[in-house]
Amino acid sequence: MRMSKLFFQTLREVPADAEIVSHQLMLRTGMIRQIAAGIFDYLPLGLRVKQKIEAIFRDEMNAIEGQEVNLPVVHPAELWQRTGRWYEIGDDMARLKDRNGRELCLGMTHEELMADLAQQLVSSYRQMPFMLYQIQTKFRDEPRPRAGTIRVREFTMKDAYSFDLDFAGLDAFYPRIYQSYFNIFHRCGLEVVAVNSDTGMMGGTMAHEFMAITPIGEDTLLICDSCGYSANRQIATARKPQPPVAELLPIERVHTPGATTIAALAEFLNIAETETAKAVFLVAELAGENGKSREQFVFAVVRGDMELNETKLTNAIKARRVRPATVDEIHAVGAEAGYGSPVGIKRDQVLLIVDDLVAASPNLVAGANQVDWHLRNVNYARDYKADIVTDLVAAAEGDACPQCGAALRSVRGVEVGNIFKLGTKYSKAMGATYLDEKGESHPIVMGSYGIGSDRLMAVVAELHNDENGIQWPITIAPYQVSLVSLGTPKTPDVVEAAERIYRQLSDAGIEVLYDDRDERAGVKFNDADLLGIPIRLTVGGKGLKNGIVETKLRRTGAMSEIALDNLLVGVQALIRAELQAIDATLTEEKLV
RNA sequence: CGGGGAGUAGCGCAGGUUGGUAGCGCGUUUGGUUUGGGACCAAAAGGUCGCAGGUUCAAAUCCUGUCUCCCCGACCA
């Protein structure tokens with residue numbers, strides 16, 4: 001491609017709206033342009049990167065016998081109503097009506113349509129297993145798009161869906177897609193960690209997220225450097241300390257004026273925060289009769305020094321969502337904010353859920369459900385009983401790894417992919433069944449697997465750059481080689497040499513971005529750096545005199561020369577070396 | 001949805017308190033000189049100052065409303 005003809009413009013100044021590096025660089029390179037919050041144009045250079053990433057998706061999906069399809073962006077409401085998600089999902093789903101008033105939505109994901117497709121086409125066990133995928137636009141009306149193209153509303157996703165006879169089939173396929181995802185990320189030059197994740201509204205039994213570690217990440221992960229345990233904080237567990245062994249003492253009221261926080265309480269009574277119990281009041285939305293939801297007051301108890309993990313709680317009580325209770329709601333169940341106690345509440349109105357460590361700890365200090373009063377020596381079982389006792393606390397930096405006991409490390413990550421064992425939730429809802437050898441009907445067992453190409457592109461730019469611009473890995477760079485001609489009208493021999501080299505390399509199938517613009521050397525070098533083309537060739541008068549062109553690697557800054565009469569071989573060797581550096585990152589992965 | 005910030009030329013910004021014909025740098029166009037890390041000289045194009053009302057002889061500037069964008073949080077299938 002001749003840069004004199006390329007539709008692009010680089011910016012010297014950083015657009016004011018862009019805060020994170022990848023967003024700034026992609027705007028400055030002219031790869032993307034923002035249209036509205038979370039909605040972007042992709043210009044030729046940016047689109048090439050995106051398409052190269054998508055080519056890797058295809059390659060890896062095809063390698064595990066995936067078959068590409070293309071399902072619509074606009075979906076009839078009816079399909080989403082059958083699984084109930086039409087009602088469960090709120091404003092994140094963009095809804096519209098056609099001219100006849102029929103309700104439609106923009107696809108946020110495609111489980112419904114894929115299950116419907118299977119329902120139509122699959123009838124026999126002989127047809128399975130199989131896997132379908134597509135690379136296609138999704139729209140999610142996010143409440144707050146941010147971070148350039150990392151969190152957007154309209155995006156491109158490679159979503160794949162597996163269809164198996166039974167769970168054993170799904171379990172056998174799952175490690176293959178897991179490996180395939182690692183291959184994709186490594187081939188894009190991205191290091192990721194896989195973490196166990198919440199299955200959330202997708203339903204299902206097992207899920208992994210692939211996280212790129214970066215401070216701009218929106219998720220918090222807990223990682224064990226000792227044994228490799230890793231999990232999203234939403235579901236991470238930690239080995240809990242042994243509760244002390246003590247004789248149960250009689251319950252005792254104690255006056256604690258103004259001690260509404262655990263810290264104040266512990267200080268006032270001169271005890272450790274570990275000797276207190278903390279009450280958290282929430283209202284959960286639970287599934288009720290015939291698809292409707294009902295609200296339930298939830299009283300959660302964790303040890304005073306620990307934080308409640310709302311995702312764990314939500315999952316434990318199978319709620320759709322939870323919100324903080326209002327003061328009136330707290331009073332209505334006989335509790336008192338700041339002095340909450342599981343002892344003496346209106347037990348029939350409250351779903352009481354207690355962290356397992358609290359249940360095992362003797363003689364804790366809890367509230368008295370009365371302003372300025374607490375209770376000493378509150379003991380589970382003797383003084384109160386919960387509806388559920390389970391792990392409810394958020395794992396934190398320094399906690400003991402649940403597998404090996406070493407200290408956990410907390411880092412931020414961006415989710416660049418996820419894989420779910422869906423099970424039969426969608427196939428049952430859509431009636432996607434098959435007949436086995438005996439003629440018996442069974443629901444198809446599904447899995448769902450997603451990666452966003454635009455987010456992946458942004459994350460790679462976020463992690464591969466320096467003060468001069470992006471450093472694209474050669475596998476996804478818009479061009480492999482940047483050919484900088486320093487020729488001017490006064491040096492026609494240099495111009496001719498550059499033209500000849502451009503033809504030679506292009507004819508050999510090398511992707512060359514040829515800077516034939518009437519610009520000074522500095523402009524061309526700076527643009528080549530900014531755009532992040534991995535290999536730069538400089539054709540100038542000095543080099544030509546000596547029969548060479550100069551080379552520079554964007555990734556390392558390493559410079560060398562290639563003799564003109566050996567040019568093609570030399571450039572191919574550079575490309576091969578860059579590709580090998582990527583190949584060297586490919587690994588065999590075991591499920592964490 | 002709660003909190004904070006911002007909308008003036010393609011990009012970055014000034015002007016606003018004290019109302020009086022809208023400015024700077026980069027980029028763009030033309031001509032000339034230059035030409036190995038963002039050149040120089042000269043000329044030029046380009047803005048209903050987010051939008052709508054209001055106050056006023058007069059509004060980018062003051063008042064009211066509204067829309068949009070960014071950041072923090074809530075949310076995130």
Side-chain angles (χ1 to χ4, degrees), chain A residues 8-20 23-24 27-28 30 33-39 80 83-93 105 107-112 138-148 150-153 155 157 159 197-204 207 209 216-219 232 234 310-311 314 320-324 414-415 418 420 422 425-426 448 450 452 455 467-469 484-491 494-495 515 517-530 536-545 549-550 552 557 559:
Chain A
F8 88 117
Q9 183 184 40
T10 55
L11 301 177
R12 290 192 193 186
E13 280 166 311
V14 180
D17 284 348
E19 218 162 80
I20 66 163
H23 189 199
Q24 293 175 350
L27 288 171
R28 284 189 59 209
R33 192 176 71 111
Q34 183 164 359
I35 291 303
I39 300 179
W80 287 78
T83 59
R85 286 161 114 191
W86 178 265
Y87 310 104
E88 287 169 28
I89 296 170
D91 291 339
D92 279 14
M93 178 184 273
C105 65
M108 326 171 57
T109 176
H110 281 71
E111 283 78 15
E112 277 79 1
K138 308 282 188 239
F139 190 88
R140 297 179 186 176
D141 197 359
E142 294 280 349
R144 185 152 99 77
R146 70 185 116 185
I150 289 180
R151 182 162 209 83
V152 293
R153 295 193 291 173
F155 58 100
M157 187 173 184
D159 48 326
S197 70
D198 182 35
T199 50
M201 292 289 284
M202 295 291 286
E209 289 169 344
I216 65 158
E218 295 183 284
D219 291 277
N232 193 311
Q234 290 182 321
E310 285 195 14
T311 305
T314 304
R320 283 179 181 167
R321 56 183 69 89
V322 297
R323 62 168 171 85
V414 175
E415 180 188 339
N418 58 52
F420 286 92
L422 288 178
K425 174 175 172 177
Y426 296 93
S448 129
R455 176 180 285 187
E467 65 278 8
N468 298 318
V484 174
S485 163
L486 299 181
T488 70
K490 297 215 175 130
T491 55
V494 178
V495 175
D515 198 341
R517 295 176 299 170
D518 181 20
E519 290 287 353
R520 312 190 107 229
V523 172
K524 296 185 176 187
F525 290 146
N526 281 315
D527 275 348
D529 286 349
L530 182 61
R536 190 183 86 195
L537 302 181
T538 306
V539 181
K542 283 193 301 196
L544 283 186
K545 248 178 245 163
V549 298
E550 293 148 62
K552 184 173 181 183
M559 296 171 70

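Note on naming: letters A, B, ... go to the chains in the order of the sequence lines (proteins, then strands), and numbering restarts at 1 for each one.
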Please tabulate, one pair per line, each protein N/O and nucleotide N/O from nucleotides 71-73 of chain B that are separated by under 3.5 Å, including the distance.
unit_1: C71(B); atom_1: OP1; unit_2: A147(A); atom_2: N; d: 3.4
unit_1: C72(B); atom_1: OP2; unit_2: R144(A); atom_2: NH1; d: 3.4
unit_1: C72(B); atom_1: OP2; unit_2: R144(A); atom_2: NH2; d: 2.8
unit_1: C72(B); atom_1: N4; unit_2: R144(A); atom_2: NE; d: 3.4
unit_1: G73(B); atom_1: N7; unit_2: R144(A); atom_2: NE; d: 3.4

Distances for protein N or O near nucleotides 25-27 of chain B N or O, under 3.5 Å:
unit_1: G25(B); atom_1: N2; unit_2: E13(A); atom_2: OE1; d: 2.6
unit_1: G27(B); atom_1: OP1; unit_2: R12(A); atom_2: NH2; d: 3.0
unit_1: G27(B); atom_1: O2'; unit_2: Q9(A); atom_2: NE2; d: 2.7

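Separating the OG1 atom in T109(A) from the CE atom in M93(A) is a distance of 10.0 Å, to the nearest 0.5 Å. Rounded to the nearest 0.5 angstrom, R146(A) CZ and I20(A) CD1 are separated by 11.0 Å.
C75(B) atom P lies 16 Å from atom CE of M108(A), rounded to whole Å. The CZ-P distance, from R520(A) to G37(B), rounds to 9 Å in whole Å. In this entry the distance linking CG of D141(A) with C1' of C1(B) reads 14 Å, nearest Å. Counting to the nearest Å, the C1' atom of C70(B) and the CZ atom of R153(A) are 14 Å from each other. In this structure, D91(A) places its CG atom 18 Å from P of A74(B), rounding to the nearest Å. Computed from coordinates, the E88(A) CD to C75(B) C1' distance equals 16 Å when rounded to whole Å. At whole-Å resolution of the value, CD in E415(A) and P in C75(B) are 16 Å apart. For the pair R517(A) CZ and U35(B) C1', the interatomic distance rounds to 15 Å; values are reported in whole Å.
Taking the C1' atoms as reference points, C13(B) lies 14 Å from G27(B), given to the whole Å. Here the separation of C49(B) from A6(B), taken at their C1' atoms, is 14 Å to the nearest Å. Separation of the C1' atoms belonging to G46(B) and C51(B) is 22 Å when rounded to the nearest angstrom. Distance check on atom P: C71(B) versus C63(B) gives 28 Å, rounded to whole Å. Spacing of P atoms, U61(B) relative to U21(B), comes out at 14 Å, to the nearest Å. Nucleotides G7(B) and G15(B), compared at atom C1', are 15 Å apart to the nearest Å. A gap of 16 Å separates the C1' atoms of A22(B) and A58(B), to the nearest Å.
Residues K425(A) and E111(A) are not paired through a salt bridge, judged by the lack of any N-O separation under 4.0 Å between the basic side chain and the carboxylate.
The shortest side-chain heavy-atom distance between R153(A) and E142(A) falls under the 4.5 Å cut-off. Within the 4.5 Å cutoff, side-chain heavy atoms of T488(A) are placed close to those of T491(A). In this structure, the side chains of W86(A) and E112(A) stay at 4.5 Å or more apart for every pair of heavy atoms. The side-chain heavy atoms of L544(A) and V539(A), taken from C-beta on, include a pair separated by under 4.5 Å. You'll find the side chain of V152(A) stays beyond 4.5 Å of the side chain of R455(A), heavy atoms only. Counting heavy atoms from C-beta on, the side chains of R517(A) and D527(A) come closer than 4.5 Å. Within the 4.5 Å cutoff, the side chain of D515(A) has no heavy atoms near those of the F525(A) side chain.
When both distances must be under 3.5 Å, the Watson-Crick or G-U wobble mate of C57(B) is G20(B). Pair assignment for G73(B): C1(B), on the basis of Watson-Crick or G-U wobble contacts that are both within less than 3.5 Å. Base pairing of A9(B): no nucleotide in any strand meets the Watson-Crick or G-U wobble criterion (both distances under 3.5 Å). Nucleotide A42(B) has U30(B) as its partner under the Watson-Crick or G-U criteria, with both atom distances under 3.5 Å. Base pairing of U66(B): its partner is G50(B), meeting the Watson-Crick or G-U wobble criterion (both donor-acceptor distances under 3.5 Å). Pairing partner, G36(B): none, since no Watson-Crick or wobble contact has both distances short of 3.5 Å.
Nearer to the 5' terminus of RNA chain B, by closest-nucleotide assignment, is the contact made by D518(A) (compared with the other of E310(A) and D518(A)). Two residues, F525(A) and Q34(A), neighbour RNA chain B, and the one matched to the more 5' nucleotide by heavy-atom proximity is F525(A).
Across all strands shown, R536(A) has heavy atoms under 4.0 Å from base atoms, whether or not it also approaches the sugar-phosphate. Looking at heavy-atom distances under 4.0 Å, R28(A) makes contact with a base. Counting any heavy atom pair closer than 4.0 Å across all strands shown, K138(A) reaches no nucleic acid atom. Residue contacts shown for V484(A) are absent, as no nucleic acid heavy atom lies under 4.0 Å away.
Listed for the R140(A) side chain is no donor-acceptor partner under 3.5 Å among the backbone atoms of D92(A).
Of the side-chain N and O atoms in K490(A), one or more sit less than 4.0 angstrom from OP1 or OP2 of U34(B).
Nearest heavy atoms, K552(A) versus M559(A): CG-CG, 3.7 Å.
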